[in-house]
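Remember, predicted model here, so these are calculated numbers, not experimental data. Within every chain, numbering begins at 1; the chains are lettered A, B, ... in the order of the sequence lines, protein sequences first and strands thereafter. The analysis underlying the following values was restricted to heavy atoms, covering all of them including side chains, and did not include hydrogens, waters or symmetry mates.
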2 protein chains.
Amino acid sequence: MTTIADVAQAAGVSISTVSYVMSGKRAISQETRERVEQAMADLSYSPQASARSLASRSTSILGLQAPIRAGVDVHVVMQVVAGALKEARAHHHDILLLTSDDAAGVERAARAGMVDGVLILDVETSDPRVGSLADLSIPSVLIGLPDAADQLICVDFDFEAAGRLAAERLAERGHRTVALLGAPPQVQARHTSYSDRLTRGFLARSREVGLAATVYPCPAGPGATEVVDTLLAGAPATTALFVHNEAALPFIAARLMSTASASPIEIVALSPAELALHVPGVSDVIDLPAEELGAAGARTLLAAIRGERPLGPELLAPRFAHAPAEPATV
Amino acid sequence: MTTIADVAQAAGVSISTVSYVMSGKRAISQETRERVEQAMADLSYSPQASARSLASRSTSILGLQAPIRAGVDVHVVMQVVAGALKEARAHHHDILLLTSDDAAGVERAARAGMVDGVLILDVETSDPRVGSLADLSIPSVLIGLPDAADQLICVDFDFEAAGRLAAERLAERGHRTVALLGAPPQVQARHTSYSDRLTRGFLARSREVGLAATVYPCPAGPGATEVVDTLLAGAPATTALFVHNEAALPFIAARLMSTASASPIEIVALSPAELALHVPGVSDVIDLPAEELGAAGARTLLAAIRGERPLGPELLAPRFAHAPAEPATV
DNA sequence: ATGAAAGCGCTAACAC
DNA sequence: GTGTTAGCGCTTTCAT
């Protein structure tokens, strides 16, 4: 195992010089720097993380608590994690996986000094995990928007704006009676923040633009088919659907296409773009930028670790995944 | 921040005594142990991971390289990760997420002494990542079975046996012409080890039991419907399907049910049990024990870190997810 | 059964 | 611009 002392000796300098070459925290002459870098390469030296961390009191590791829970879309979670990981690595940080749904795990990692900060995914409206977060010695960032968000750093997709955007688009298209097919029942029952906000935005804007709107929870998979049938039976005037449920979307679309009807029912989906763009029957997709969300969370956490505090929650604005049907010149 | 010195002082003992109380590496009198434990609790002491790791030259962290790649079933990956994480935590270890598909990342973490071992998921038949693994200073365990598996520790589901088991079951049921609907085209093209092994076992045993069997790659989602149509058109004698593709399964099942036929086509699925058990039209499910696989991988890695070497690859035997349709008394 | 002390490999004052 | 050195908080010999 090569140590910093080996490198120093090989380069004919002191160990602090080697250290400063690595950190860039003080000026080094061009010549010395080159000798040191050559020595590091020759010896294929890697600094020891634990020693560095003990001396510097920081780890270059972010804790990540991701949920593995019923109804949570694993695809979205994976993408958020991928985005966070990518961003973290881009800033020379690693990610330690913390057991899901376990406030104690976060505390343990924080107190053992294993991580410089924690990123917490899929936070619920009243999440039991947020309580202990405030008196942690390290910063934390939530992806999600809990009730007690005031004193916490939060990053999320702007679900409320997405709901409004969908209502506007449906109204523009001339619809009068629409429905929101949302998250699975167990997610709605938990009052997951995003589901509530989406609904609120959709209903509010629908009212403003004169849209009659109803909301249905929707199970993933083939079960979605029944919901569609129930909906069409109960509200036959419905001419368009706003679907926020990637796992149900193909089934809903398939069901609508097989249901012969005078005017086909239109679908606007909120989903990761690549999952919904090619589902036949979906006319518009509001992208759920999962990877970007993870990256934003990591970026904000890194900023917090540096001591920067954001002013309020950071909400990613909704966007349609492809250009609207109107001419691009508008 | 409380240190071991604070605890020692509070308990009126030396630092080493506190250390030995924690590690249990030498005998401590009942009385002393209690005083020390009391002091640790009073001060709510957590040992500092980096200091411990620097002194002991081990981290209690497992590196985990999980793929986030086209065609890989995210649900299965998540379950494997969950199983590994659970097992690791049960043995007081943590998990560091390593960037996917990046041999350099594994090396970096190993050489920086960030992890005591690495667990590598979804290894392909000829995986570029396995080359550098052998001359790492720390042990590694593959979940998957690459070609050059001889010198590497591998854990996997026994896909070949699962293929045979499916063929046997279909033959028992009286079928004569069957088909395997497998992984998405891009996975098969990569010659992912498991896909090959499943096919091999299925075809070999089919031949032995007099089954005419064909293999079709199968895209996830609605695209699967077309494959079913193609198959039924090309081989109308087909009376049963063996499906290994969770994401396509509901679509395949739905398609078969809508295709009115004299005798319905039977489906045996290989899938995580909870995903397939309740899909209508699926008669038998061979469970893909994803979580167990992750746990087995972690367990084997922990054993390897302790210095134990297994003799050959560890293959989890396939099992039907629920009791066969025959009377339980048989 | 317990204590003293020498490191582990690095960072960051404090020199010059 | 570079070197010296005192820690960082633990584990683990070596003593007793």
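No more than 12 heavy-atom neighbours from other residues, nucleotides or ligands sit within 6.0 angstrom of CD on A/Gln9.
For the pairing with B/Val118, the side chain to side chain contact (heavy atoms under 4.5 Å, CB included) check across B/Val141, B/Leu301, B/Leu136, B/Leu62 returns one residue only, B/Leu136.
The main-chain N or O of A/Ser60 is found under 3.5 Å from a side-chain atom of A/Asp116 such that the two form a donor-acceptor pair. Listed for the B/Arg26 side chain is no donor-acceptor partner under 3.5 Å among the backbone atoms of B/Tyr20. Of the possible donor and acceptor atoms, one in the side chain of A/Ser56 sits under 3.5 Å from a partner among the backbone N and O of A/Arg52. The closest donor-acceptor contact from the side chain of A/Thr17 to the backbone of A/Val13 lies at 3.5 Å or more, if one exists at all.
Residues from residues 26-38 of chain A placing a heavy atom under 4.0 Å of any atom in DNA chain D, listed by number, are A/Arg26, A/Ala27, A/Ile28, A/Ser29, A/Thr32.
In terms of heavy atoms, A/His93 sits closest to A/Ile61 at ND1-N, 3.9 Å. Across every non-hydrogen atom of B/Leu293 and B/Asp156, the tightest pair is CD1-C, 3.5 Å. Across A/Ala304 and A/Arg309, no two heavy atoms sit closer than the pair O-NH2, 3.1 Å.
The side chain of B/Ser16 places no N or O atom within less than 4.0 Å of a non-bridging phosphate oxygen (OP1 or OP2) of C/dT2. Regarding contacts with the backbone of D/dT2, every side-chain N or O of A/Ser14 stays at 4.0 angstrom or more from both OP1 and OP2. Under 4.0 angstrom from either OP1 or OP2 of C/dT11 there lies no side-chain N or O belonging to A/Lys25.
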Listed pairs, N/O of protein and of nucleotides 8-10 of chain D, under 3.5 Å:
residue	atom	partner	partner atom	Å
D/dC8	O3'	A/Arg57	NH2	2.9
D/dC8	O2	A/Ala55	N	3.4
D/dG9	OP1	A/Arg57	NH2	2.5
D/dG9	N2	B/Ala51	O	3.4
D/dC10	OP1	B/Tyr45	OH	2.8
D/dC10	OP1	B/Gln48	N	3.3
D/dC10	OP2	B/Ile4	N	2.6
D/dC10	O5'	B/Tyr45	OH	3.3

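Both A/Tyr20 and B/Gly12 sit near DNA chain C, but only B/Gly12 has its closest nucleotide nearer the 5' end.
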Problem - Derivation of the salt bridge (charged side-chain N to carboxylate O under 4.0 Å, His left out) call for A/Arg35 and A/Asp42 - result: CA-CA 10 Å; A/Arg35 276 220 316 288; A/Asp42 289 349; over 6 Å; no
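Bending across the helix from C/dA1-D/dT16 to C/dC16-D/dG1, expressed as the angle between its end axes from five pairs apiece, amounts to 30° (10° rounding).
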